[in-house]
Amino acid sequence: MIELLRDLVRWLTSGSQWSGPDGIATRLLEHLQYSLLATLVAAALALPVGLLIGHTGRGAFLAINLSGFGRALPTVGLVTLVFLASGLSMWPVYVSLVALAVPVIVTNTYAGMAAVDPEVRDAARGQGMRWYQVLFQVELPLAQPLIMTGLRLACVQVVATATIAAYVSFGGLGRYVFDGLAQRDLVQVLGGAVLVAVLAIALDLALAGVQRLLFRNRPPRAHAH
């Protein structure tokens with residue numbers, strides 16, 4: 001075990017391992033690109049849906065059940081299905097990653113909106129605020145913690161699952177996992193897994209920092225009279 005850890009450290013710190021088209025730096029950037037693009041697309045699709053459901057109270061059944069759908073989604077199976085339909089491209093990977101992230105973001109966004117005190121909404125409307133002002137100036141700031149939690153969870157899940165890009169012969173850190181398994185190279189497999197975990201933690205910490213900045217500048221809460 002000690003020898004395996006030593007080999008892993010050597011693999012991770014070797015200068016030659018970080019350079020070239022198959023180096024860690026290149027694979028890391030590829031993985032980051034897949035993950036961030038998929039998370040951004042998922043957020044663009046899911047946030048409006050979650051906000052609408054939370055604001056109107058309609059479609060709550062959909063939001064609640066999307067969470068279970070996300071957990072039950074067979075990601076590799078979806079990749080294979082889209083791959084067979086679209087051919088060799090990144091589409092299967094992006095479709096699968098977005099489909100994985102959307103339920104988490106919708107569910108948390110709805111939960112954040114549903115947690116807003118109805119008296120606060122009523123007070124805002126009583127002050128003559130229009131529906132979009134209530135949504136963006138009152139509900140959204142108060143729902144922000146759970147919404148950001150949803151984004152963080154989705155991002156971490158996407159980073160962990162983006163290794164499937166290597167399953168359809170593309171890049172990313174999953175290349176080390178799949179190639180290592182094919183070559184029976186345990187050090188390479190562990191190295192890829194460690195890098196994925198470190199990237200997920202780094203992105204989660206970055207989003208946590210963004211969340212703290214947003215809360216620091218958050219407007220004061222409305223109070224019911």
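Computation of the quantities below employed the complete heavy-atom set of this structure, encompassing side-chain atoms and omitting hydrogens, waters and symmetry-equivalent molecules. What you are looking at is a predicted structure, and each value in this text was computed from that prediction instead of being measured.
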Open item on the list: Considering only residues two or more places apart or on different chains, which pairs with a residue in residues 128-146 satisfy salt bridge (charged side-chain N to carboxylate O under 4.0 Å, His left out)?
Closed with: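 Salt bridge (charged side-chain N to carboxylate O under 4.0 Å, His left out) check on residues 128-146 returns Arg121-Glu139.
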TODO: Return each pair, listed once, that meets salt bridge (charged side-chain N to carboxylate O under 4.0 Å, His left out) where at least one residue sits in residues 91-101; pairs must be two or more places apart or across chains.
DONE: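 Every candidate salt bridge (charged side-chain N to carboxylate O under 4.0 Å, His left out) pair involving residues 91-101 fails, so no pair, neighbours aside, qualifies.
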If hydrophobic clusters are built from ILVMFWY residues whose side chains come within less than 4.5 Å, do [X] and [Y] share one?
X      : Y      : answer
Val198 : Trp18  : yes
Val194 : Leu4   : yes
Leu213 : Leu207 : no
Val134 : Leu146 : no
Leu8   : Leu186 : yes

Open item on the list: Go through it in stages, so that I can follow the logic: the residues are Phe136 and Trp131, the test is ring-ring contact (aromatic ring centres under 6.0 Å, His included), and I'd like the CA-CA distance, side-chain angles, deciding distance and then a yes or no.
Closed with: CA-CA 9 Å; Phe136 290 107; Trp131 69 267; 7.4 Å; no
To check you understand the geometry: which heavy-atom pair defines the closest contact between [X] and [Y], and what is its length?
X      : Y      : result
Val138 : Pro141 : O-CD, 3.3 Å
Gln17  : Tyr176 : NE2-CE2, 3.8 Å
Thr26  : Gly20  : OG1-O, 3.0 Å

Can you list, pair by pair, the side-chain donor-acceptor contacts under 3.5 Å of residues 148-156, counting residues two or more places apart and other chains?
unit_1, atom_1, unit_2, atom_2, d
Thr149, OG1, Pro145, O, 2.9
Arg152, NE, Asp204, OD1, 2.9
Arg152, NH1, Gln211, OE1, 3.2
Arg152, NH2, Asp204, OD1, 3.4
Arg152, NH2, Asp204, OD2, 3.2

Roughly how far, to the nearest 0.5 Å, is the [atom2] atom of [Y] from the [atom1] atom of [X]?
X      : Y      : atom1 : atom2 : answer
Ile147 : Leu142 : CD1   : CG    : 10.0 Å
Ile53  : Thr109 : CD1   : OG1   : 9.5 Å
Leu199 : Leu28  : CG    : CG    : 5.5 Å
Leu195 : Leu173 : CG    : CG    : 5.5 Å
Arg175 : Ile24  : CZ    : CD1   : 15.0 Å
His55  : Met113 : NE2   : CE    : 7.0 Å

TODO: May I ask you to say whether Arg27 pairs ionically with Asp22, meaning some side-chain N is under 4.0 Å from a carboxylate O?
DONE: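 Asp22 and Arg27: salt-bridged.
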- [ ] Could you tell me whether Arg125 and Glu119 have a side-chain N and a carboxylate O separated by less than 4.0 Å?
- [x]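 No.
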Task: All side-chain hydrogen bond (donor to acceptor under 3.5 Å, both in side chains) counterparts of Ser14, not counting sequence neighbours - done: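 Partners of Ser14 by the side-chain hydrogen bond (donor to acceptor under 3.5 Å, both in side chains) criterion, ordered by chain and then number, come out as Ser16.
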Task: Side chain Trp11, main chain Leu190, donor-acceptor under 3.5 Å - done: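 No, because the side chain of Trp11 does not come within donor-acceptor range (under 3.5 Å) of the backbone of Leu190.
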Task: Under 4.5 Å side-chain linkage, directly or through intermediates, the cluster mates of Leu181 - done: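 When side chains under 4.5 Å apart are linked, the cluster holding Leu181 also contains Val177, Val189.
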Open item on the list: Side chains of Leu5 and Val9, heavy atoms from C-beta outward: is any pair under 4.5 Å?
Closed with: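 No. Closest side-chain heavy atoms not under 4.5 Å.
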- [ ] Describe, in one word, how the ring planes of Phe178 and Tyr167 are oriented to each other, choosing from parallel (under 30°), tilted (30 to 60°) and perpendicular (over 60°).
- [x]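 The rings of Phe178 and Tyr167 sit tilted, inter-plane angle from 30° to 60°.
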- [ ] In sequence, state the C-alpha distance, the side-chain angles, and the governing distance for Ser96 and Thr161, and then conclude on side chain to side chain contact (heavy atoms under 4.5 Å, CB included).
- [x] CA-CA 9 Å; Ser96 301; Thr161 312; over 6 Å; no
Acceptor/donor pairs from residues 33-52 side chains to any protein atom, 3.5 angstrom cut, sequence neighbours excluded:
unit_1, atom_1, unit_2, atom_2, d
Tyr34, OH, Gly171, N, 3.3
Ser35, OG, His31, O, 2.8
Thr39, OG1, Ser35, O, 2.8

